[in-house]
Trainee: 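Take a look at this one; I'll ask things after.
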There are 2 protein chains.
Amino acid sequence: MNIDTDAHPSVHNAPDGTVLTPIAKDESVGKATAAARRVVDALLRTDRRSADLERIAGELNRIAEHLEEHAPDTAERLIDMWRGEGANGHDPATGPENAIAPPLILVGREDGHVEGEVSLSFPYQGPPGHVHGGVSALLLDHTLGVANAWAGRTGATAQLSIRYHRPTPLFEPLTVRGRLVEHEGKKINSVGEIRTANGDLCVSVEALFIDKTVPRPR
Amino acid sequence: MNIDTDAHPSVHNAPDGTVLTPIAKDESVGKATAAARRVVDALLRTDRRSADLERIAGELNRIAEHLEEHAPDTAERLIDMWRGEGANGHDPATGPENAIAPPLILVGREDGHVEGEVSLSFPYQGPPGHVHGGVSALLLDHTLGVANAWAGRTGATAQLSIRYHRPTPLFEPLTVRGRLVEHEGKKINSVGEIRTANGDLCVSVEALFIDKTVPRPR
């Protein structure tokens, strides 16, 4: 479908460098999520023999209890989190409200592609010192969805064909890029890649998206 | 390569139902990580207007500070986390020591495939109420690696070809399966799928792995 251009910036109506990934709707949610992301990372970094993990388990469970006490039921929360149109902050790749997301921040370029730079740490590890192949797939799948929107289209992933050219390093800046190549009827073809800072190609993807989205809950 | 059968259970030496995914090496790490996973979920569930997110941000940052104070440098930590052979607990799909992992628990079957059941919640959301396509890719990529090991082989992902047949629901049990189909020289072909509890096929994958692993840091 053609996207409502008021809600969705695209290469047709927005300048080069437009940030396409969401910001936290609520500053305190963004701060708490950033802190949770730091805990997730630090739990993998810390020395198991000297950190007081029993105490921390108790504190984290008390925090979770407080948050859960204030949680609406799942159906109500789903409606609330999908309220309105446009980018939301809760996806696992770019979402500032999702502690699983690195988060990847993507900008739109005037030639039609989108790109972002990200460094990944211990939580995203597959082979020793390197990014998990499935994490690269997650970042690329999401980037292509954003690239499609930047080109003025949207759709659900139908096929991903991913090639791993070399191990993708942790702890250094990676560039993630994507762009819509062509669309015909309901079919959208997009490509993307992950490269190291010195330009080495680590992962590439070719994807087919179909213009058929899951409706937002109301 | 052929895997050391002492360290790696396989269909050739271990019974049907063998659990192939790791348990936390340290009980307190497992407890703290499970609590962090609960916080990550609850942050997406909670009502932004009534939970005390400013206080929680402060508490989470203090927890992270404590863990970071006890963290060795990155190179030292990498050596420690990859010490020994066999499954480790820190990957983002099945790792009990990684709060990003759901975690998926996989068992080996005597016919050669591996499978596990998992329910996914808000942190893994893509389309409204459904699993992010990239999260499905992460679970399948990892499952195929475990399936290869169960068949007595190991390798790095070279190609993933993933098809999305229908949206994959959140909040209900999903079955993730994988198996090695054939291997010839350094090439390993594997397939996998994700189905709902009533057997509907959501995602399928065909993959090529190459027997060339990243060495463990020493």
Side-chain angles (χ1 to χ4, degrees), chain A residues 26 28-29 31-33 35-36 38-40 42-48 50-51 53-54 56-57 59-61 63-64 67-68 70-72 74 77-78 82 90 92-93 98-100 123-124 127-130 132-135 137-138 141-142 157-164 167 214 216-217, chain B residues 26 28-29 31-33 35-36 38-40 42-48 50-51 53-54 56-57 59-61 63-64 67-68 70-72 77-78 82 90 92-93 98-100 123-124 127-130 132-135 137-138 141-142 157-164 167 171 214 216-217:
Chain A
D26 176 310
S28 61
V29 174
K31 281 159 69 175
T33 306
R38 190 176 160 201
V39 169
V40 169
L43 276 168
L44 283 160
R45 283 184 182 275
T46 202
D47 177 4
R48 280 84 178 93
S50 63
L53 290 162
E54 289 286 337
I56 281 171
E59 289 177 7
L60 290 171
N61 276 316
I63 290 169
L67 295 168
E68 288 164 4
H70 291 86
T74 299
R77 178 68 191 121
L78 271 174
W82 288 98
H90 50 70
N98 188 336
I100 284 184
Y124 308 99
H130 292 81
H132 195 290
V135 169
L138 168 60
D141 176 45
H142 199 85
T157 317
Q159 291 178 35
L160 289 180
S161 179
I162 307 172
R163 284 174 182 265
Y164 297 86
V214 176
R216 294 188 179 211
Chain B
D26 177 311
S28 61
V29 175
K31 281 160 70 175
T33 307
R38 191 177 158 198
V39 169
V40 169
L43 276 168
L44 283 161
R45 284 185 181 274
T46 204
D47 177 5
R48 280 84 177 92
S50 63
L53 290 162
E54 288 287 337
I56 281 171
E59 289 177 7
L60 290 170
N61 276 318
I63 290 169
L67 294 168
E68 289 164 2
H70 290 86
R77 178 68 190 122
L78 271 174
W82 288 97
H90 50 69
N98 188 335
I100 283 184
Y124 308 99
H130 290 83
H132 196 290
V135 170
L138 168 60
D141 176 44
H142 198 85
T157 318
Q159 292 177 36
L160 289 180
S161 177
I162 307 172
R163 285 173 181 265
Y164 297 87
F171 312 118
V214 176
R216 295 189 178 209

Trainee: Between chain B and each of A:Leu44, A:Val135, A:Thr33, count heavy-atom pairs under 4.5 Å; write down the option with the most.
Mentor: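 Of A:Leu44, A:Val135, A:Thr33, A:Leu44 has the most heavy-atom pairs under 4.5 Å with chain B.
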
Trainee: Work out which heavy atom in A:Ala35 is nearest to a heavy atom in B:Asn61; give both atom names and the distance.
Mentor: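 A:Ala35 and B:Asn61 have their closest heavy atoms at CB-OD1, 3.5 Å.
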
Trainee: Determine, for B:Lys31 against A:Glu54, whether the closest basic-nitrogen to carboxylate-oxygen distance falls under 4.0 angstrom.
Mentor: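 Salt bridge between B:Lys31 and A:Glu54, a charged N being under 4.0 Å from a carboxylate O: yes.
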
Trainee: Please identify, among A:Val29, A:Leu43, A:Leu160, the residue contributing the most non-hydrogen atom pairs under 4.5 Å to chain B.
Mentor: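 Most heavy-atom pairs within the cutoff with chain B belong to A:Leu160.
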
Trainee: Please determine, among A:Glu59, A:Arg38, A:Arg163, A:Gln159, the option with the most heavy-atom pairs under 4.5 Å with chain B.
Mentor: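 Looking at each option in turn, the highest pair count goes to A:Arg38.
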
Trainee: Name the option with the most non-hydrogen atom pairs under 4.5 Å to chain B; the candidates are A:Arg48, A:His130, A:His90.
Mentor: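 Of A:Arg48, A:His130, A:His90, A:Arg48 has the most heavy-atom pairs under 4.5 Å with chain B.
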
Trainee: Can a side-chain donor-acceptor contact be found between A:Arg77 and B:Thr46 if the only test is distance below 3.5 angstrom?
Mentor: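 The criterion, which ignores hydrogens and geometry beyond distance, is not satisfied for A:Arg77 and B:Thr46.
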
Trainee: Which atom pair, heavy atoms only, marks the closest approach of B:Phe171 to A:Leu78?
Mentor: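 Closest approach of B:Phe171 to A:Leu78, heavy atoms only: CE1-CD1, 4.1 Å.
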
Trainee: Please identify, among A:Ser50, A:Ala137, A:Pro127, the residue contributing the most non-hydrogen atom pairs under 4.5 Å to chain B.
Mentor: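 Ranked by contacts with chain B, first place is A:Ser50.
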
Trainee: What is the minimum heavy-atom distance between A:Ala64 and B:Ala42, and which atoms define it?
Mentor: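 Between these two residues, the closest heavy atoms are O-CB, 4.1 Å.
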
Trainee: Under the criterion side-chain contact (heavy atoms from CB on, under 4.5 Å), I'd like the reasoning laid out for A:Leu60 against B:Leu60: C-alpha separation, chi angles, the key distance, then a yes or no.
Mentor: CA-CA 8 Å; A:Leu60 290 171; B:Leu60 290 170; 3.6 Å; yes

Trainee: Evaluate the criterion side-chain contact (heavy atoms from CB on, under 4.5 Å) for residue pair A:Ile56 and B:Leu67; output intermediate values, then yes/no.
Mentor: CA-CA 9 Å; A:Ile56 281 171; B:Leu67 294 168; 3.6 Å; yes

Trainee: If you look at every heavy atom in B:Ala71 and A:Arg45, which pair is closest and at what distance?
Mentor: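 Distance-wise, the nearest heavy atoms are CB-O, 3.6 Å.
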
Trainee: Counting heavy-atom pairs under 4.5 Å with chain B, which one of A:Ile100, A:Val40, A:Asp26 comes out on top?
Mentor: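 Maximum pair count with chain B is reached by A:Ile100.
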
Trainee: Under the side-chain contact (heavy atoms from CB on, under 4.5 Å) rule, what do B:His142 and A:His132 come out as? Steps first, then yes or no, please.
Mentor: CA-CA 9 Å; B:His142 198 85; A:His132 195 290; 2.8 Å; yes

Trainee: Heavy-atom pairs under 4.5 Å with chain A are the metric here; pick the option from B:Pro128, B:Pro217, B:Gly129, B:Pro92 that has the most.
Mentor: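 So the answer, after comparing B:Pro128, B:Pro217, B:Gly129, B:Pro92, is B:Pro128.
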
Trainee: Under 4.5 Å heavy-atom distance to chain B, tell me which part of A:Pro167 shows up: side chain, backbone, both or neither.
Mentor: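 Side chain of A:Pro167 only, per the 4.5 Å heavy-atom cut-off to chain B.
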
Trainee: Between B:Ser161, B:Pro123, B:Gly133, who has the most heavy-atom pairs with chain A when the cutoff is under 4.5 Å?
Mentor: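 Top option by heavy-atom pairs under 4.5 Å: B:Pro123.
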
